[in-house]
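Just below is one structure, and these are the notes that go with it.
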2 protein chains.
Amino acid sequence: MKQAKISEAVVRRLPIYLQVLNELHSREIQTVSSQELGVKLDLNPAQIRKDLAYFGEFGRKGIGYDVMYLIEKIRQILKVNQTIKVALVGAGNLGHALCNYNKYSKDNMKITAVFDDHPDKIGTRINNLVVQPMSELEREVKEQNIRIGIITVPAHEAQNVANQFVAVGIEGILNFAPAILRVPEEVRIQNADFTRELLSLAYYLNHEGEETSDESVMD
Amino acid sequence: MKQAKISEAVVRRLPIYLQVLNELHSREIQTVSSQELGVKLDLNPAQIRKDLAYFGEFGRKGIGYDVMYLIEKIRQILKVNQTIKVALVGAGNLGHALCNYNKYSKDNMKITAVFDDHPDKIGTRINNLVVQPMSELEREVKEQNIRIGIITVPAHEAQNVANQFVAVGIEGILNFAPAILRVPEEVRIQNADFTRELLSLAYYLNHEGEETSDESVMD
DNA sequence: TAGATTGTTAATCGATTAACAATC
DNA sequence: TAGATTGTTAATCGATTAACAATC
């Protein structure tokens, strides 16, 4: 099984597979077929088999996939079999929420450093982390070997934070601010701006079932 | 311009267009070409033109698009030219964060009702909203004509909340819980589980630049 | 008129799905 | 052996991009 170029669509499905598999595992289900996964996730079973086959032969013909084994394999693929440390900038409500979320995660991703340049935030605690000024970013990133950063500052500060992330060598950024960020192409940006999601939901509210219609948006 | 079936990919780009356009508008830029938008968004200009052309002829040959006019048109398409009211269930940290976010939004999407069944949450205030028990959900949804719901409860409660949303006629759900929800197919689900995003970021950390490699994940 | 840029058709590219031999 | 299900190739489908006539 040679590692071909894996499409983004495939990579985005892997965490979803991991999620159902974790659920199955917690229900002590030991084996699952692509068929069953497909039903659960509304995906074509062939697609699931193909996605997994990019990375190796994880199943058994006539049987299906061993749940725990497949979890391990996907963790390896996503490189979350060891704990991944994450830095977060912006100790507001959202930053707080993500840090908490964090505590319950069994995904081996941990926010291990929090930054904010607001004087009234610096030195406060979120769980067992002390909020630090941005001047400490570089040191922490180097010391802890942090490679992923989360942005939860207001939109107008987001690009600035992104620049600092890039400057200290962060390789992947999860951006919650409603802003379009420019970063060098070797740095990966994932946008998690929830207003975008809400807006596309709004579209379907009114257009659902209109597929066969020929109405248009006119003045 | 007939309304063909619009692909999800197109719908997901519309809010992004709206975002850049809002930014351009705030910088008092009046006209923009698909070329310029393409540079800003890392998209092919032809794609942008095609996306917009599904809904009408909004540009002027030789000139480009009028920023304000295009904003209006996209708002119409997304049906956010009038304010859209949203219900939120789960008054924890994340729920709080989203309600605040809310205040700054110029997107005409407003969280106008917050629910939580925890006794110590009921009756507390988030901004100017009082947290209500779930028993009030139906009444509020009917009274305010709410059609979109946000789920910010823990994973194990998420399906239950989704069921209640469906029962009271909610048409679109934005789910922040790390759970796979089953709803009737006429109800739209958008997942905003940030651990998924983090996991796919993690993939690229270690595989970036491996496109041409032939390494594989072996035992 | 010359230059720019749209809307749209045709060409290309890539992703999803169907089908099936291999095999548990 | 019969039934189930994988991994994978081939067929299909859909989305992106290129190209260009129309026109500002």
Side-chain angles (χ1 to χ4, degrees), chain A residues 1-14 16-17 21 24 29-67 69-70 73-74 77 200 211 214 216-219, chain B residues 1-14 16-17 20-21 24 29-67 69-70 73-74 77 200 211-212 214 216-219:
Chain A
M1 195 45 14
K2 299 290 161 183
Q3 178 100 353
K5 60 274 154 272
I6 307 296
S7 88
E8 212 171 302
V10 174
V11 174
R12 295 187 63 79
R13 282 191 293 268
L14 293 176
I16 303 177
Y17 299 153
L21 290 166
L24 291 171
I29 290 160
Q30 259 140 47
T31 300
V32 71
S33 68
S34 60
Q35 171 67 237
E36 295 166 304
L37 289 174
V39 169
K40 277 189 183 296
L41 296 172
D42 260 320
L43 292 176
N44 185 302
Q47 181 169 66
I48 296 173
R49 294 200 298 280
K50 198 163 203 280
D51 283 355
L52 297 173
Y54 282 117
F55 303 98
E57 306 196 1
F58 302 144
R60 292 216 291 153
K61 291 179 176 136
I63 310 285
Y65 299 90
D66 181 274
V67 172
Y69 180 73
L70 192 51
K73 283 304 173 187
I74 297 180
I77 296 163
S200 45
E211 283 90 41
D214 54 0
S216 182
V217 175
M218 290 286 158
D219 313 51
Chain B
M1 194 49 7
K2 299 289 160 184
Q3 179 100 351
K5 61 274 154 271
I6 306 297
S7 89
E8 212 171 305
V10 173
V11 174
R12 294 187 63 81
R13 281 191 293 268
L14 293 176
I16 304 178
Y17 298 153
V20 211
L21 289 166
L24 291 172
I29 290 162
Q30 261 141 46
T31 300
V32 70
S33 67
S34 60
Q35 171 68 238
E36 294 167 304
L37 289 173
V39 170
K40 278 191 183 297
L41 295 172
D42 260 319
L43 293 176
N44 184 302
Q47 181 169 68
I48 296 172
R49 293 201 298 279
K50 199 162 201 281
D51 285 353
L52 297 173
Y54 282 116
F55 303 98
E57 305 196 1
F58 302 144
R60 293 218 290 153
K61 291 182 175 135
I63 310 286
Y65 299 90
D66 181 274
V67 172
Y69 180 73
L70 192 51
K73 282 303 172 188
I74 296 180
I77 295 162
S200 45
E211 283 91 42
T212 19
D214 54 0
S216 182
V217 177
M218 290 288 157
D219 314 48

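Keep in mind that what you see is a predicted model, and the values were worked out from it rather than measured. Order of the sequence lines sets the chain letters (A, B, ...), proteins ahead of strands, with each chain counted from 1.
- With the nearest nucleotide of DNA chain C identified for both A:Arg13 and B:Gly62, B:Gly62 has the one nearer the 5' end.
- Here the side chain of A:Ala46 is nearest to one of C:dT17, D:dT17, D:dT6, namely C:dT17.
- Across all strands shown, C:dT8 forms a Watson-Crick or G-U wobble pair with D:dA19, both key distances being under 3.5 Å.
- Heavy-atom minimum distance, B:Val11 versus A:Ser200: CG1-CB, 3.7 Å.
- When each of D:dA15, C:dG7, C:dT16 is scored by its nearest atom to the side-chain atoms of B:Glu57, the top-ranked nucleotide is C:dG7.
- Base pairing of D:dC24 is made with C:dG3, judged by Watson-Crick or G-U wobble geometry with both donor-acceptor distances under 3.5 Å.
- Atom CD in A:Gln35 sits about 15 Å away from atom P in D:dG7, given to the nearest Å.
- At the phosphate of C:dG7, OP1 or OP2 sits under 4.0 Å from a side-chain N or O atom of B:Tyr65.
- Taking only side-chain nitrogens and oxygens, B:Ser7 never comes nearer than 4.0 Å to OP1 or OP2 of D:dG14.
- Under the Watson-Crick or G-U wobble criterion, with both distances below 3.5 Å, D:dC13 is paired with C:dG14.
- Distance from the side chain of B:Lys61 is smallest for D:dC24 among the nucleotides D:dT16, C:dA19, D:dC24.
- The nearest pair of heavy atoms linking B:Leu21 to B:Val67 is O-CG1, 3.5 Å.
- Summarising the geometry, atom CD belonging to A:Gln47 is positioned 10.5 Å from atom CG belonging to A:Leu52; distances are rounded to the nearest 0.5 Å.
- Closest approach to the B:Arg49 side chain among C:dG7, D:dT16, D:dT9 is made by C:dG7 (side chain taken as heavy atoms from C-beta onward).
- In this structure, B:Lys40 and B:Val20 approach most closely via the heavy-atom pair CD-CG1, 3.4 Å.
- In this structure, A:Ile48 places its CD1 atom 10 Å from P of C:dT17, rounding to the nearest Å.
- Distance B:Phe55 CZ to C:dG7 C1': 15 Å, rounded to the nearest Å.
- Dashed line: the shortest gap from a side-chain N or O of B:Ser34 to OP1 or OP2 of C:dT5 is not under 4.0 Å.
- Residue B:Asn44 contributes atom CG, which lies 15 Å from atom P of C:dT5 at whole-angstrom precision.
- For the pair B:Leu43 CG and D:dT17 P, the interatomic distance rounds to 8 Å; values are reported in whole Å.
- When side chains are defined from C-beta on, B:Tyr17 counts as touching B:Ile48, because their heavy atoms get closer than 4.5 Å.
- If you measure from atom NZ of B:Lys50 to atom P of C:dC13, you get 17 Å, rounded to the nearest angstrom.
- One interatomic measurement links the two molecules: OH of B:Tyr54 to C1' of C:dG7, which rounds to 12 Å at whole-angstrom precision.
- Within 4.0 Å of A:Arg60, counting heavy atoms only, lie sugar-phosphate atoms of the nucleic acid but no base atom.
- The CD-P distance, from A:Gln47 to D:dT6, rounds to 14 Å in whole Å.
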